[in-house]
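Below is one structure, written out as structure tokens; the observations come after it.
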Amino acid sequence: MDQADKLQDEMLVAIASRGGARNYPAHAVLINEGDQSDAFFILLAGRVKVYGAGDDGREVIYNTLGPGEYFGELSLLDGAPRSASVASLEPLRCVLVHGADMREFLAQHPDFAFHLIHRLATLLRRSTENVKSLALDDVYQRVARMLNELAGAETPGGGPRLVSLKLTQQDIAERVGSSREMISRIFKQLLQGGYVEQRDGRLVLLKKLPAGW
């Protein structure tokens, strides 16, 4: 997520003072899609995934968040049921602020309200791009797009780029809306072509990925 979407330290402290710190183990579900809760969560340590699940148990990952980021703002604003589930990817420490306390904070701090509007606009733009990609791109193109986004801008000399998250092939399949078997075939070709490699559980892009396969 863009650095502008992370809370400034002073804002984080001000909001956190209205809530309580909680710890969760890895793979704990903090929010279930369809819940009526309106609590607001600020991440202090650890990472979470924001996802949706089908009746057959398959998942699609909408986003991953880390320290300084937050979630739960949509139900806070409109009172509607949760639109996505959230689960911890690793041991987690976060601050939980009840909805009524957050709405009071928003009324008293319009600067945070503007920050929230900016974040929601960013999420809307990202959702639009994802829908476009699902409709028009094949699986390989979606994988390449995701890897390029997570690895950041290309270096002037075209050197290796480290993907910012540790991702399994199942993680990638859930992010791009494909099967793990298809992702396995794509990565077999990328590895054989010398485009990517694994270093300490992280993917490294060794050279520019081809536009198509």
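- Between His115 and Tyr70, the angle of the ring planes lies from 30° to 60°, which puts this pair in the tilted group.
- With respect to the salt-bridge test (charged N to carboxylate O, under 4.0 angstrom), the residues Asp38 and Arg82 do not qualify.
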Worked check of side chain to side chain contact (heavy atoms under 4.5 Å, CB included) between Val97 and Ile15:
CA-CA 8 Å; Val97 185; Ile15 298 173; 4.0 Å; yes
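- The cluster map of Ile, Leu, Val, Met, Phe, Trp and Tyr, joined by side-chain heavy atoms under 4.5 Å apart, puts Leu92 and Val29 in different clusters.
- Relative to the six-membered ring of Phe114, Arg119 misses at least one condition, a distance below 6.0 Å or an angle of at most 45° to the axis.
- Salt-bridge check for Lys49 with Glu59: passed, with a basic side-chain N closer than 4.0 Å to an acidic carboxylate O.
- Here the side chain of Asn32 pairs no donor or acceptor atom with the backbone of Asp35 at under 3.5 angstrom.
- Side chain of Ser85 to backbone of Glu33: a donor-acceptor contact under 3.5 angstrom is found.
- Residues passing the side chain to side chain donor-acceptor pair (under 3.5 Å) test with Arg202: none are found, sequence neighbours excluded.
- Among all heavy-atom pairs drawn from Ser75 and Ser37, the shortest one is CB-O, 3.7 Å.
- Both Leu76 and Leu74 belong to a single network of hydrophobic side chains, linked directly or stepwise wherever heavy atoms of I, L, V, M, F, W or Y lie under 4.5 Å apart.
- The pair Glu174-Arg180 does not meet the salt-bridge criterion, since no charged nitrogen lies less than 4.0 angstrom from a carboxylate oxygen.
- Counting heavy-atom neighbours within 6.0 Å of Arg58 CZ, excluding the residue itself, gives a total of 12 or less.
- Summarising the geometry, atom NZ belonging to Lys166 is positioned 10.0 Å from atom CD belonging to Gln198; distances are rounded to the nearest 0.5 Å.
- When every heavy atom of Pro160 is checked against every heavy atom of Val204, the shortest pair comes out as CB-CG1, 3.7 Å.
- Between Glu181 and Arg185, none of the side-chain N atoms (NZ, or NE/NH1/NH2) sits under 4.0 Å from a carboxylate O, so this pair counts as no salt bridge.
- The nearest pair of heavy atoms linking Tyr62 to Ala84 is CE1-CB, 3.8 Å.
- Expressed to the nearest 0.5 Å, how far CZ of Arg125 lies from CD of Glu129 amounts to 9.5 Å.
- Leu89 and Phe41 fall into different hydrophobic clusters, where Ile, Leu, Val, Met, Phe, Trp and Tyr residues are linked whenever their side-chain heavy atoms come under 4.5 Å apart, directly or through other members.
- Pairing each heavy atom of Ser88 with each of Pro25, the nearest pair is OG-O, 2.6 Å.
- Looking only at side-chain heavy atoms (C-beta outward), Leu77 and Leu116 come within less than 4.5 Å of each other.
- Rounded to the nearest 0.5 angstrom, Ile42 CD1 and Cys94 SG are separated by 9.0 Å.
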Does the side chain to side chain contact (heavy atoms under 4.5 Å, CB included) test come out yes or no for Leu65 and Val50, once each step is laid out?
CA-CA 8 Å; Leu65 304 172; Val50 183; 4.1 Å; yes
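- Rounding to the nearest 0.5 Å places CD1 of Ile117 at 12.5 Å from CD of Glu73.
- Separating the CG atom in Asp101 from the CG atom in Leu106 is a distance of 11.5 Å, to the nearest 0.5 Å.
- In this structure the side chain of Leu167 reaches within 4.5 angstrom of the side chain of Arg175, judged on heavy atoms.
- Side-chain contact between Pro210 and Tyr195: present, with at least one pair of heavy atoms (C-beta onward) separated by less than 4.5 Å.
- Both Leu150 and Ile172 belong to a common hydrophobic cluster when Ile, Leu, Val, Met, Phe, Trp and Tyr are linked at side-chain heavy-atom distances under 4.5 angstrom.
- Within 6.0 Å of CG in Asp200 there are 12 or fewer heavy atoms belonging to other residues, nucleotides or ligands.
- Checked by atom type, the side-chain pair Ser178/Arg142 shows no donor-acceptor distance below 3.5 Å.
- Nearest heavy atom pair, residue Ala151 against residue Leu205, reads CB-CD1, 3.8 Å.
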Let's go through Phe187 and Leu203 carefully: what are the C-alpha distance in whole Å and the side-chain angles of both, what is the deciding distance for side chain to side chain contact (heavy atoms under 4.5 Å, CB included) to 0.1 Å, and is it a yes or a no?
CA-CA 11 Å; Phe187 271 89; Leu203 286 168; 3.8 Å; yes
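- The two residues Phe40 and Gly72 come nearest to each other via the heavy atoms CD1-C, 4.4 Å.
- Summarising the geometry, atom OG belonging to Ser184 is positioned 9.5 Å from atom CD1 belonging to Ile186; distances are rounded to the nearest 0.5 Å.
- Side-chain heavy atoms closer than 4.5 Å link hydrophobic residues (I, L, V, M, F, W, Y) into clusters, and following such links, even through other members, never connects Ile61 to Phe71.
- You'll find the side chain of Arg145 reaches within 4.5 Å of the side chain of Glu149, heavy atoms only.
- Proximity of Val139 to Ile183: side-chain heavy atoms (C-beta onward) are separated by under 4.5 Å at one or more points.
- Side-chain contact check for Leu30 versus Tyr24: some heavy-atom pair is nearer than 4.5 Å.
- The side-chain heavy atoms of Leu124 and Leu120, taken from C-beta on, include no pair separated by under 4.5 Å.
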Side chain to side chain contact (heavy atoms under 4.5 Å, CB included) evaluation trace for Leu209 with Tyr140
CA-CA 10 Å; Leu209 298 177; Tyr140 168 74; 3.7 Å; yes
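- Proximity of Leu165 to Arg47: side-chain heavy atoms (C-beta onward) are separated by under 4.5 Å at one or more points.
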